[in-house]
Novice: 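Submitted below is the structure of interest, expressed as structure tokens.
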Amino acid sequence: MQYWLIKSEPYKWSWNDHVAKGVEHWDGVRNYQASNNMKAMEIGDLAFFYHSNEGKEIVGIVEVVSGYYPDHTDPKERFGMVDFKAVKPVNKPVNLAQIKADPNLSEMSLLKQMRLSVGPVRKSEWDYIMKLSETTL
DNA sequence: GCCAACGTTGGC
DNA sequence: GCCAACGTTGGC
């Protein structure tokens, strides 16, 4: 069981879009590290859904519901993707400023590699953010 | 809208 | 295989 964080710009694909759709494939990733992270995902893994640019906050939780398979929108067929199912919104969004200010979260890949759109989250970080967001599964 | 960070591309 | 040029991401 591993934990992740996926980013999306809400005007392109928002948490509400994902909730409305239920299950959606995460296409469009064109970065090897992000793609490799998806390759490492297993069915049942959980991820935070983060809004970049607008909001800059963790707004929901999704679950990995497929294995890694080729991204059909990639003309060069180099990158892949997985499917995510919307699980539930967080009760209190956790924003970037909070994460930056919190010493417990200073090692998050979200901060270390700001441009990485799919990154790992440690279990301790996951649990801590769940507490901050007042969310239980 | 700007621009820093940083990943990718392509010429050599 | 190096590295300069280029493109993209994403915070501010």
Side-chain angles (χ1 to χ4, degrees):
Chain A
M1 178 73 189
Q2 292 182 92
Y3 299 95
W4 309 93
L5 182 144
I6 59 174
K7 293 191 202 175
S8 183
E9 301 186 48
Y11 63 88
K12 286 183 187 156
W13 183 255
S14 71
W15 169 250
N16 285 338
D17 292 334
H18 209 114
V19 169
K21 193 79 190 287
V23 174
E24 180 67 308
H25 50 265
W26 206 250
D27 64 16
V29 170
R30 296 291 180 268
N31 172 285
Y32 285 108
Q33 220 181 328
S35 197
N36 282 335
N37 283 331
M38 286 199 285
K39 199 180 284 181
M41 289 180 185
E42 290 180 32
I43 292 173
D45 282 0
L46 296 171
F48 287 127
F49 191 107
Y50 174 85
H51 277 166
S52 60
N53 264 308
E54 287 171 37
K56 282 170 282 182
E57 58 190 9
I58 291 167
V59 289
I61 295 162
V62 295
E63 180 183 347
V64 178
V65 292
S66 82
Y68 181 83
Y69 62 101
D71 180 345
H72 55 82
T73 67
D74 175 16
K76 292 177 182 166
E77 299 179 338
R78 288 183 299 189
F79 298 101
M81 60 186 178
V82 299
D83 295 346
F84 291 113
K85 181 178 78 175
V87 175
K88 70 191 302 191
V90 297
N91 286 323
K92 252 177 67 180
V94 176
N95 65 44
L96 185 65
Q98 258 179 292
I99 293 169
K100 275 189 171 170
D102 198 316
N104 293 300
L105 301 174
S106 61
E107 293 300 311
M108 279 192 77
S109 73
L110 177 69
L111 300 182
K112 295 271 175 178
Q113 279 179 278
M114 283 214 299
R115 296 183 54 206
L116 188 62
S117 60
V118 178
V121 173
R122 294 183 178 92
K123 170 139 178 56
S124 58
E125 293 163 347
W126 179 274
D127 291 341
Y128 188 79
I129 289 171
M130 289 297 276
K131 207 172 293 176
L132 279 185
S133 65
E134 299 173 6
T135 306
T136 51
L137 285 173

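Residue numbers start from 1 in every chain, and the chains themselves are labelled A, B, ... in the order their sequence lines are given, proteins ahead of strands.
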Novice: Nearest whole angstrom, please: distance from the C1' of dG7(B) to the CZ of R78(A).
Specialist: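 Value for this atom pair: 12 Å.
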Novice: Distance alone, cut at 3.5 Å: any donor-acceptor contact between the side chains of Y11(A) and N53(A)?
Specialist: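 Their side chains do not contain a donor-acceptor pair, so the 3.5 Å distance test is not met.
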Novice: Please walk me through it: do V64(A) and F84(A) pass side chain to side chain contact (heavy atoms under 4.5 Å, CB included)?
Specialist: CA-CA 5 Å; V64(A) 178; F84(A) 291 113; 3.6 Å; yes
Novice: Reckon R30(A) has a side-chain N or O less than 4.0 Å from the OP1 or OP2 of dC6(B)?
Specialist: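 Result: no.
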Novice: For K112(A) and dT9(C), what is the distance between atoms NZ and C1' respectively, to the nearest whole Å?
Specialist: 20 Å
Novice: Mapping N53(A) and R115(A) onto DNA chain B by nearest heavy atom, which one lands closer to the 5' end?
Specialist: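 Here N53(A) is the residue nearer the 5' end.
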Novice: Would you mind reading off the distance between N31(A) atom CG and dC6(B) atom C1', rounded to a whole angstrom?
Specialist: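 After rounding, the gap between these two atoms is 10 Å.
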Novice: Does the side chain of R30(A) come under 3.5 Å of the side chain of T73(A) through a donor N or O and an acceptor N or O?
Specialist: yes
Novice: Between D127(A) and K123(A), is the closest basic N to carboxylate O distance under 4.0 Å?
Specialist: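 Counted as a salt bridge, because a side-chain N and a carboxylate O are separated by less than 4.0 Å.
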Novice: Examine dG10(C): is either OP1 or OP2 under 4.0 Å from a nitrogen or oxygen in the side chain of Y11(A)? Give yes or no.
Specialist: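 For Y11(A), the contact criterion (side-chain N or O under 4.0 Å from OP1 or OP2 of dG10(C)) is not met.
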Novice: Rounded to whole Å, please give me the gap between NZ in K56(A) and P in dG10(C).
Specialist: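 Interatomic distance, NZ of K56(A) to P of dG10(C): 12 Å.
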Novice: Would you say a side-chain N or O of K100(A) is under 4.0 Å from OP1 or OP2 of dC12(C)?
Specialist: yes
Novice: Check the distance between dA4(B)'s C1' and M114(A)'s CE and give it to me in whole angstrom.
Specialist: 8 Å
Novice: Round to a whole Å and report the spacing from CG of L116(A) to C1' of dT8(C).
Specialist: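 Going from CG in L116(A) over to C1' in dT8(C) covers 14 Å.
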Novice: Do any side-chain nitrogens or oxygens of K7(A) fall under 4.0 Å of OP1 or OP2 in dG10(C)?
Specialist: yes
Novice: Calculate the interatomic distance between L111(A) atom CG and dC12(C) atom C1'; express it in whole Å.
Specialist: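 Computing the L111(A):CG to dC12(C):C1' distance gives 15 Å.
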Novice: Figure out the OH/P separation between Y32(A) and dG7(C), and round it to whole Å.
Specialist: 18 Å
